[in-house]
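Being a predicted model, the structure only gives us computed values, none of them experimental. Chain naming here is simple, since letters A, B, ... match the order of the sequence lines and numbering starts at 1 in each.
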Amino acid sequence: MERKVRVRFAPSPTGPLHIGGMRTALYNYLFARQQGGDFLLRIEDTDQGRFVPGAEDYIIEALKWCNISPNEGIGFGDGPHAPYRQSARKIMYREYVDKLIESGNAYYAFDTAEELEALRKNAEANKSSFAYNANTRKSLINSITLTTEECEKKLKNGDHFVVRFKIPELGQVMLKDIVRGDVVVEVSSLDDKVLFKSDGMPTYHLANVVDDYLMQITHVIRGEEWLPSAPLHVLLYRSFGWEQVMPQFAHLPLLLKPDGNGKLSKRDGDRLGFPVFPLNWTDPFTGEVSSGYRERGYSPEAFANMIAVLGWHPTGEQELFSMDEMIKQFSLERVHKAGAKFDPEKTKWFNQQYLKKQTDIELAQSLSQYIEKQPKYSCIEESRKELVFLETVCKLMREKVHFVHEIFDMAPYFFFEPQSYDESVISKKWNDDAEKVIQTYLQSLQTETEVKSNRYEELFKATCADLNLKDGQFVQILRVCITGMSGGAALYDTMALLGNDIVIARLKFALNKLS
RNA sequence: GGUCCGUUCGUCUAGGGGUUAGGACGUAUCCCUUUCACGGAUAAGACACGAGUUCGAUUCUCGUACGGACUACCA
């Protein structure tokens, strides 16, 4: 019988999600939406020692920002399988561990962490390695080596114990992975992983399998770092007798560092100057702030598009995909096998592409929000904060930027009176002729009212012609006098927007400063 | 070390037994343009290596090299 597709994103709230985690969430979401299935968010907080305040809220906020909405789970209205936080499901796991112990697939182990650590160190010193497995469990302290009485006594005593999975001695596990094909592993290479910790909490392996079963998950889409433990998970399903409803696996390629090798980590962002997180994050312990894509001015659509094509691509040469297009075209079969090196440069291009799709007024609204947060906001004249003004600014600047905020950052002359003038242009082009041109132009402007863009141009050309000079040589000078800068928006349009009074004032000021 | 995964321009990728191996980012040059951009055009730039299968392999198989993940009472 065809089951309804149900997938989950199951992060651990140990810090902010980075772009790799966001991509995993996205792929789960795309797949669920395309298949008409469910997508749920489950919080895997079985390690109480790694709890980080705020991390869970961060995850929810990041998903919402990116329009990756689970239809079930923490932060999204829960659902029929609540609770969706593993710490709140704690009591359920014990029942399942007991089943495994009863069926002989798991056993109590009483070795302390220190004892095992010593064994590991020892093995390392001998250039070998220690694993709790079929060979070594016979000589360690557990319910296999202990008599039933001894074991019960220890349990009754309240001695600390863990429950370990008993890996079969012989055989192979075959894992069918949608991305990678069949992966075969000898069970003898696996070790007896802890399923149930001495603090009464399950480990990831147990909780993940039990919850996926209970929540009727059909596809496990997760990062490649889980591939090595996937055979264990298969064995777990088998031991529980759940193999018929075992989810299909799809292990996603890793996101790699832009420089060198290795998987992208939280540190790389600060080191290389680009965000690795969707949103800003302040570490609650150190106060350290890591920057996010949202705060850097990326649109969520651009962000989603850019992470989606890092490891997945449909046939053809399309690069830009709306969320709906991605939902339509996504397929796990077309996810790459190899890891993708993250390229921070290309992210800017993606944002630019999405910026181009926005209307002037939409841009003006975003720009307005940005300007309000500027320290010099109060110095800006009121009329230049108005949307109609900003709309024209955006119209003039939109082709020149990757981000809305750059409109403000790159073109301060729309908001402030220039105080200094680009030295490279002045030193090269400011001379007696230039002064004469600006002087004459200023005079003719003073006789005009309501000057339009093409009139500014006409007048400037006429001014130069009257002086027997070529206008082309002096346009740069005019630009610098008006804006202070050597590059920027279409000059005469800029002047028209600013208005004749401002233009005259700026020319006077410049003449004063430069001559 | 062991287990597993991977390898097409610098990067993201399309392709796939016979192709001038395509696109995008970035880089360079040119055109457009009074600037800066946008846009357009052009250029440089890749099938890791060695065998095998085959008339033919970048594509299939096997090795080698290189890279990566995992190897906790973390997820």
Less than 4.0 angstrom between a side-chain N/O of Arg398(A) and OP1 or OP2 of rC36(B), yes or no? no
Strand partner of rA37(B), provided both Watson-Crick or wobble distances fall under 3.5 Å: none
Taking atom NZ of Lys357(A) as the centre, report whether more than 12 heavy atoms of other residues, nucleotides or ligands fall under 6.0 Å from it. yes
Rounded to whole Å, CD of Glu317(A) lies from P of rA21(B) at a distance of 15 Å
Roughly how many Å is it from CG in Leu190(A) to P in rG2(B), rounded to a whole number? 17 Å
From the candidates rC5(B), rU11(B), rU13(B), the one with an atom nearest any side-chain atom of Val183(A) is rC5(B)
Closest to side chain of Tyr492(A), choosing from rU34(B), rC5(B), rA72(B): rU34(B)
Side chain of Leu310(A) only, please: which of rC74(B), rC38(B), rC12(B) is the nearest? rC12(B)
Between rU11(B), rG6(B), rA37(B), which nucleotide gets closest to the side-chain atoms of Arg180(A)? rG6(B)
Taking any heavy-atom pair under 4.0 Å as a contact, classify Asp192(A): base, sugar-phosphate, or nothing. nothing
Determine the Euclidean distance between corresponding C1' atoms of rC70(B) and rC9(B); express it in Å to zero decimal places. 31 Å
Counting just side-chain N and O atoms, does Lys263(A) come under 4.0 Å of either OP1 or OP2 of rG67(B)? no
Could you tell me whether a side-chain N or O of Thr145(A) sits under 3.5 Å from a main-chain N or O of Leu140(A), the two making a donor and an acceptor? yes
Between rC5(B) and rA21(B), how far apart are the two P atoms, rounded to whole Å? 32 Å
Considering every strand shown, what is the Watson-Crick or G-U wobble mate of rA14(B) when both distances are under 3.5 Å? none
Where the side chain of Glu225(A) is defined as all heavy atoms beyond and including C-beta, which of rA14(B), rC73(B), rA69(B) is the nearest nucleotide? rA69(B)
Check every atom of rC73(B), rC70(B), rA14(B) against the side chain of His313(A) and return the nucleotide holding the closest atom. rA14(B)
Could you identify the nucleotide paired to rU54(B), looking across every strand shown and requiring Watson-Crick or G-U wobble geometry with both distances under 3.5 Å? none
Please state how far atom CG in Leu227(A) lies from atom P in rA75(B), giving the value in whole angstrom units. 19 Å
Trp349(A) CH2 to rU13(B) P, straight-line distance once rounded to whole Å: 14 Å
Report which part of the nucleic acid Glu319(A) touches: base, sugar-phosphate, or nothing (heavy-atom distance under 4.0 Å, all strands). base
Give a yes/no on whether any side-chain N or O of Lys257(A) is located under 4.0 angstrom from OP1 or OP2 of rG68(B). no
Roughly how many Å apart are rU58(B) and rC25(B), using the C1' atom of each and rounding to a whole number? 24 Å
Pairing partner of rU59(B), by Watson-Crick or G-U wobble and under 3.5 Å for both distances, is none
What's the closest nucleotide to the Glu345(A) side chain, out of rA37(B), rC25(B), rU11(B)? rC25(B)
Pairwise C1' distance for rG10(B) and rC73(B), with rounding to whole Å: 44 Å
Taking atom C1' in both rA46(B) and rU19(B), what distance in whole Å separates the two? 15 Å
For rU20(B), give its Watson-Crick or G-U wobble partner with both distances under 3.5 Å, or none. none
Look at all strands and tell whether Gly262(A) reaches a base, only sugar-phosphate, or nothing, counting heavy atoms closer than 4.0 Å. sugar-phosphate
Sort out for me which residue in Arg23(A), Arg180(A), Lys263(A), Lys337(A) forms a salt bridge (Lys or Arg N to Asp or Glu O under 4.0 Å) with Glu224(A). Arg180(A)
Are Arg164(A) and rC73(B) close enough that a side-chain N or O sits under 4.0 Å from OP1 or OP2? yes
Categorize Thr347(A) for me: base, sugar-phosphate, or nothing, with a 4.0 angstrom heavy-atom threshold over every strand shown. nothing
Measuring only the C1' atom in each nucleotide, how far is rU11(B) from rG16(B)? A whole number of Å is fine. 22 Å
Mind checking the C1' distance from rG6(B) to rC49(B)? Whole angstroms is fine. 16 Å
Roughly, in whole Å, what's the span from NZ in Lys337(A) to C1' in rG6(B)? 9 Å
With a 6.0 Å cut-off on ring centres, are Phe196(A) and Tyr93(A) close enough? no
Atom CZ of Phe350(A) and atom C1' of rU11(B) are separated, to the nearest Å, by 12 Å
Does atom CZ of Arg238(A) have more than 12 heavy-atom neighbours, drawn from other residues, nucleotides or ligands, at distances under 6.0 Å? yes
Quickly work out the Leu254(A) CG to rC4(B) P distance and round it to whole Å. 18 Å
Give a yes/no answer on whether the side chain of Arg50(A) brings an N or O atom under 4.0 Å of OP1 or OP2 in rA72(B). no
Counterpart base for rU27(B), defined by Watson-Crick or G-U wobble contacts under 3.5 Å: rA43(B)
Looking at Arg222(A) and Thr24(A), would you say the former's side chain and the latter's main chain have a donor-acceptor pair under 3.5 Å? no
Pairing nucleotide - rG1(B), Watson-Crick or G-U, each distance under 3.5 Å: rU71(B)
Can you spot which of Phe350(A), Phe303(A), Trp281(A) makes a ring-ring contact (aromatic ring centres under 6.0 Å, His included) with Tyr293(A)? Phe303(A)
Give me the distance, rounded to whole Å, that separates rA28(B) from rA48(B) when you measure between the P atoms they each carry. 28 Å
Checking all strands, does Arg334(A) fall into the base, sugar-phosphate, or nothing category for heavy-atom contacts under 4.0 angstrom? sugar-phosphate
Round to a whole Å and report the spacing from NZ of Lys341(A) to P of rA24(B). 22 Å
When you measure from the side chain of Ser12(A), which nucleotide among rG23(B), rC70(B), rA75(B) comes out closest? rA75(B)
Is Glu117(A) atom CD crowded by more than 12 heavy atoms from other residues, nucleotides or ligands, each under 6.0 Å away? yes
Do Tyr96(A) and Tyr213(A) have ring centres separated by under 6.0 Å? no
Candidate nucleotides rA72(B), rG23(B), rU3(B), ranked by approach to the side chain of Lys346(A) - the nearest: rG23(B)
If you check the Asp343(A) side chain, which of rU11(B), rC38(B), rG6(B) turns out closest? rU11(B)
Does rC66(B) have a Watson-Crick or wobble partner in any strand here, with both distances under 3.5 angstrom, and which is it? rG6(B)
